[in-house]
Amino acid sequence: MENETKTVVSNFIRNIIDEDLKSGKHENIVTRFPPEPNGYLHIGHAKSICLNFGLARDYQGKCHLRFDDTNPVKEDTEYVDSIMEDVRWLGWDWNENLFYASDYFDQLYNYAEILIKDGKAFVCELSMEELREYRGTLTVAGKNSPYRDRSVDENLDLFRRMRAGEFPDGSKSLRAKIDMGSPNLNMRDPVIYRIKKTDHHRTGDSWQIYPMYDYTHCISDAIEGITHSICTLEFEDHRPLYDWFLDQLPVPCHPRQIEFARLNLSYTVMSKRLLLDLVKNGYVKGWDDPRMPTIAGMRRRGFTPEAIREFADRIGVAKANSMVDFELLNFCVREDLNRKALRRMAVLDPIKLTITNYPEDTIEELDAENNPEDSAAGFRKISFSKNLYIEREDFMEEPMKGWFRMAPGKEVRLKHAYYVTCNEMIKDANGIVTELLCSYDPASRGGWSQDGRKIKGTMHWVCAETAVPLEARIYDQLFTIADLGAVEEGKSYLDYLNPDSLIINTRALGESSLRDASAGDKFQFLRLGYFSADNDYSPEKPVFNRISTLRDSWAKQQKKQ
RNA sequence: UGGGAUGUCGUCUAAUGGUAGGACAGCGGACUCUGGCUCCGUACGUGAGGGUUCAAAUCCUUCCAUCCCAGCCA
């Protein structure tokens, strides 16, 4: 990644960092990516990961990976493992800086006692419903809890007994004593500890009480010496609270929280809840379903880490809510794969093509270049015979204006092979063309001729004798509308699921070398798109996922008419 | 209707009082053994009104629009 030398575009966070470095506020910067291990990472997280780790890389600082694991009822090591795998796969390294908020439970507890001793926190016995009432509303101020004025000793005693497990879940909470009249609801004596008699995936049964996010996050940042704590916009309202805790406590430093707009991508959803829904209710086949915007899904689909990082760079960082066009992601994979993917030929909708003047029982070997963008990729052998298949849509009985693929009497080139001319069509009882009879020019071997005649149409094909049957999984957007935030009144996002988001094509045929791939190998199927060998791939049953199509200016031209 | 934020080409994003720039998407063309790639060209924008200034996307002001907040979730 070191050789990705490109000019970085400025953004408001870099500007802040530049100023902090210039003013001497900081000599080095430390950022962090703080996921809660309660779900799989998605492309929105990738934006945050690339931002935080990218900043650390560019400023020679550090980026910590910290699991924000303060709610044991939702969290699991399965998620911890997948998150670490995904961050690494994206190309980032936290080195020795792996942390868990649960590592700080003791310190967090001690700080809470300090708050109590300073008269800045109290044990409250309001039920959740009562608490809601006392909190007030957006427009009316809250009321003080009747338990707000307990003595320090009583608070300390109660809090210690909460920790010891003497009280049932929900019966008591520790609250900060701030201001029930604040127009910012987060400042209305927020809960900082709640009782949860649930085992934690790391601390087991040693705790009966768990700290809340607002309390934990700022202190964790301070303990780790984070300089810039970057989070999403919805935490903007929490910043006063973030600062309040750090101002009350003898913490080692006071990081600055900076908020940016989370990623929205057209035609998909980014909420963990909705994603979990899709998985649990079987609308997709798991977290790594290639239609999912999860890192795991995108990896399986065939997106590369390089493409995702490039995407993250290109979308930039700002504070305005926005919706990025999925096409940008397609652009990024194509750009990456165009350089790297080996070319292969496959036919998705085969129609038989017979070369009538080619000798029977002969199969010859031709050379085909593996990647015109990379001469080091070399050549491969492909076989050619009298019996071929071409793409049905590459033939048109009555060619339209501008058509330069196969048509009756028209000479075209079979890529890497010969010039052929279609002389005759065989049709079935319904008038559907079932076979094309062509003649070839033996002097055009390799796909060119000495007389230099111009052949505009070039087509992909496979040799019937050696072709391998493929399963091609053709993906489309999971949803039919670009903005899932704009679902109509009374409708659910499920009403917009695209019934054709996966089409399994088992008619496809590929050149024989496609039998020798392994899961994860990526190819450009000539003129069709980029494909990745799926996890289900085996030499006996080669399965490929379509990552994206190629740009298709012919299709575009057709659409306009 | 309280508080917090945000409005720049279709989309994303630069500009730090001094020529509104880039990318994707679009359009047109060149090239091409992929209607791919590449290259060239081109159109399109400061939410609205008022003010300050030689000069405003930027400062002031009044509107308007959108987003977030009433979990013992993060």
Side-chain angles (χ1 to χ4, degrees), chain A residues 9-11 15 34-36 38 68-71 73-75 124 126-128 131-133 135-142 169-175 182-188 190-196 209-210 212-214 216-217 231-240 259 261 263 266 272 313-325 327-332 334-335 338-339 343 345 368-369 372-373 402-405 413-417 419 444 446-448 455-460 482 485 524-529 549-557 560:
Chain A
V9 298
S10 136
N11 63 52
N15 292 344
E36 182 187 16
N38 69 344
D68 221 333
D69 54 351
T70 57
N71 186 358
V73 311
K74 290 188 176 177
E75 296 152 9
C124 184
L126 253 21
S127 69
M128 240 184 279
L131 181 57
R132 184 161 46 237
E133 274 173 41
R135 186 158 29 228
T137 70
L138 293 178
T139 49
V140 347
D169 285 17
S171 60
K172 290 182 175 51
S173 63
L174 183 71
R175 293 222 267 156
S182 171
N184 181 343
L185 297 268
N186 297 116
M187 301 299 274
R188 322 245 260 226
V191 171
I192 59 187
Y193 266 93
R194 74 293 214 188
I195 301 170
K196 269 185 200 293
I209 55 173
Y210 292 93
M212 298 286 290
Y213 164 86
D214 286 303
T216 308
H217 205 90
C231 62
T232 43
L233 251 29
E234 66 270 27
F235 292 103
E236 212 146 21
D237 286 342
H238 296 240
R239 182 159 19 100
E259 311 83 13
L263 170 67
S266 59
K272 277 190 190 176
D313 283 345
R314 283 175 178 262
I315 57 178
V317 181
K319 293 199 68 160
N321 286 312
S322 61
M323 166 84 64
V324 175
D325 189 342
E327 270 311 302
L328 183 60
L329 194 47
N330 272 339
F331 171 83
C332 293
R334 289 182 186 132
E335 183 187 45
N338 178 50
R339 281 193 300 258
R343 272 54 170 175
M345 288 199 287
E369 131 191 270
E373 304 295 321
W403 178 263
F404 48 84
R405 279 117 97 154
R413 171 168 39 237
L414 295 178
K415 179 81 177 175
H416 303 309
Y419 295 172
S444 62
W448 64 283
I455 301 295
K456 197 133 195 216
T458 299
M459 292 150 38
H460 60 280
Q524 183 195 100
F525 289 176
L526 236 50
R527 303 209 300 136
L528 295 175
T549 61
L550 261 27
R551 284 184 69 220
D552 187 347
S553 57
W554 169 252
K556 203 177 291 176
Q557 197 176 316
K560 276 185 289 184

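Model, not experiment: these values are computed from the prediction. Numbers restart at 1 for each chain; the letters A, B, ... are given by sequence-line order, proteins then strands.
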Legend entry - Quiz item: A/Arg239 side-chain donor-acceptor pair to B/G4 base, under 3.5 Å: no

Checking B/U34, B/C67, B/G35 against the side chain of A/Asn321 (C-beta onward), the nearest is B/C67

Can you tell me if the side-chain N/O atoms of A/Lys272 get under 4.0 Å from OP1 or OP2 in B/C73? no

Side-chain atoms of A/Leu526 come closest, of B/A14, B/A70, B/U34, to B/U34

Picking from B/C72, B/G2, B/G35, the nucleotide nearest the side-chain atoms of A/Arg135 would be B/C72

- Just checking A/Thr70: base, sugar-phosphate only, or nothing, at a heavy-atom cut-off of under 4.0 Å? sugar-phosphate

Of the candidates B/A74, B/C24, B/A5, the side chain of A/Glu236 sits closest to B/A5

Check: When we call it a touch if two heavy atoms are under 4.0 Å apart, what does A/Phe331 touch: a base, just sugar-phosphate, or nothing?
Finding: sugar-phosphate

inquiry  = Suppose you measure atom C1' in B/U46 against the same atom in B/U13; what distance do you get, rounded to whole Å?
reply    = 13 Å

Checklist entry - What nucleic acid atoms does A/Arg551 come within less than 4.0 Å of, heavy atoms only: base, sugar-phosphate, or nothing? => result sugar-phosphate

Ranking B/G35, B/U34, B/G2 by distance to the side chain of A/Arg405, first place goes to B/G35

Re B/C12: Watson-Crick or G-U wobble partner, both distances kept under 3.5 Å, found to be B/G22

Quiz prompt | Sugar-phosphate only, base, or nothing, as touched by A/Met212 at under 4.0 Å among non-hydrogen atoms | solution = sugar-phosphate

With no hydrogens and no angle check, is any side-chain donor or acceptor of A/Arg194 less than 3.5 Å from a backbone partner on A/Gly170? no

- Message: So, does A/Ser10 get its side chain near the phosphate of B/A15, meaning an N or O under 4.0 Å from OP1 or OP2?
- Response: yes

Within the 4.0 Å heavy-atom criterion, would you say A/His460 contacts the bases, only the backbone, or no part of the nucleic acid?
nothing

I want to check one thing: is the phosphate of B/G26, taken as OP1 and OP2, less than 4.0 Å away from some side-chain N or O of A/Lys556?
yes

- request: Under 4.0 Å between any heavy atoms, over every strand shown, what does A/Glu259 touch: base, sugar-phosphate, or nothing? Just pick one.
  value: nothing

Checklist entry - Which is true for A/Pro372 with a 4.0 Å heavy-atom rule: it touches a base, it touches only sugar-phosphate, or it touches nothing? => result base

**Prompt:** Is any side-chain nitrogen or oxygen of A/Ser322 closer than 4.0 Å to OP1 or OP2 of B/U13?
**Reply:** yes

| field | Under 4.0 angstrom between A/Asn15 side-chain N/O and B/A15 OP1 or OP2 | value | yes

The glycosidic conformation of B/G51, counting syn as within 90° of 0 and anti otherwise, is anti

(Q) When you measure from the side-chain N and O atoms of A/Thr137 to the phosphate of B/G2, is any distance below 4.0 Å, counting only OP1 and OP2? (A) no

Note to self: Is there a side-chain contact between A/Arg405 and A/Arg527 in this structure, where contact means two heavy atoms from C-beta onward sitting under 4.5 Å apart?
What the structure shows: yes

Base, sugar-phosphate, or nothing for A/Phe235, non-hydrogen atoms under 4.0 angstrom? base

Which is true for A/Leu126 with a 4.0 Å heavy-atom rule: it touches a base, it touches only sugar-phosphate, or it touches nothing?
-> base

Considering only heavy side-chain atoms of A/Ser553, the closest of B/U13, B/C72, B/G35 is B/G35

Between CG of A/Asn184 and P of B/G2 the distance, given in whole Å, is 15 Å

- Find out whether the Lys NZ or Arg CZ of A/Lys196 is both under 6.0 angstrom from the six-membered ring centre of A/Tyr210 and within 45° of the ring's axis. no

Is the shortest side-chain N/O distance from A/Arg188 to OP1 or OP2 of B/G3 below 4.0 Å?
no

C1' gap between B/A65 and B/U32, integer Å
49 Å

Taking B/G3, B/A74, B/C12 as options, the one with an atom nearest any side-chain atom of A/Asn71 is B/A74

| message | Just to be sure I understand the rule, does A/Leu138 reach a base, reach only the sugar-phosphate, or reach nothing, if contact means heavy atoms closer than 4.0 Å? | response | base

Problem - Gap in Å between the two P atoms, one belonging to B/C59 and one to B/A5, rounded - result: 15 Å

Checklist entry - Using atom C1' of each nucleotide, how far apart are B/A25 and B/C9 to the nearest Å? => result 11 Å

Assign A/Lys415 to base, sugar-phosphate, or nothing according to its heavy-atom contacts below 4.0 angstrom with the strands shown.
base

Ranking B/G2, B/C69, B/C73 by distance to the side chain of A/Asp237, first place goes to B/C69

For nucleotides B/A48 and B/G7, find the distance between their P atoms and express it as a whole number of Å. 14 Å

Remember a base hit wins even if backbone is also touched, and classify A/Arg339 as base, sugar-phosphate or nothing at under 4.0 Å, heavy atoms. nothing

Check your understanding: Using the C1' atom in both, what is the distance from B/A14 to B/U52, to the nearest Å?
Key -> 26 Å

Look at the side chain of A/Arg314 against the base of B/U13 and say whether a donor-acceptor pair falls under 3.5 Å; ignore hydrogens and angles.
no

Exercise. Answer with yes or no whether A/Glu327 presents, from its side chain, a donor or acceptor under 3.5 Å of a partner atom in the base of B/U11.
Key: no

Need one value for A/Val317: base, sugar-phosphate or nothing, where a base atom within 4.0 Å counts as base even if backbone is also close, heavy atoms only. sugar-phosphate

Only residue of A/Thr549, A/Leu329, A/Leu550 satisfying side-chain contact (heavy atoms from CB on, under 4.5 Å) with A/Arg334 is A/Thr549

note: A/Arg334, atom CZ; B/C37, atom P; distance rounded to Å ~ 8 Å

Exercise for the section: State whether the distance check finds a donor on one side and an acceptor on the other, under 3.5 Å, for side chain A/Asp552 versus base B/G35. Expected result: no

Taking atom P in both B/C24 and B/A20, compute the distance separating them and give it to the nearest angstrom.
23 Å

Any base atoms under 4.0 Å from A/His217, or only sugar-phosphate, or nothing? Heavy atoms, all strands. nothing

Next on the checklist: Between A/Glu236 and A/Lys319, is there a side-chain heavy-atom distance shorter than 4.5 Å?
Outcome noted: yes

Taking A/Arg175 for the side chain and A/Cys124 for the main chain, is one N or O donor matched with an acceptor at less than 3.5 Å? no

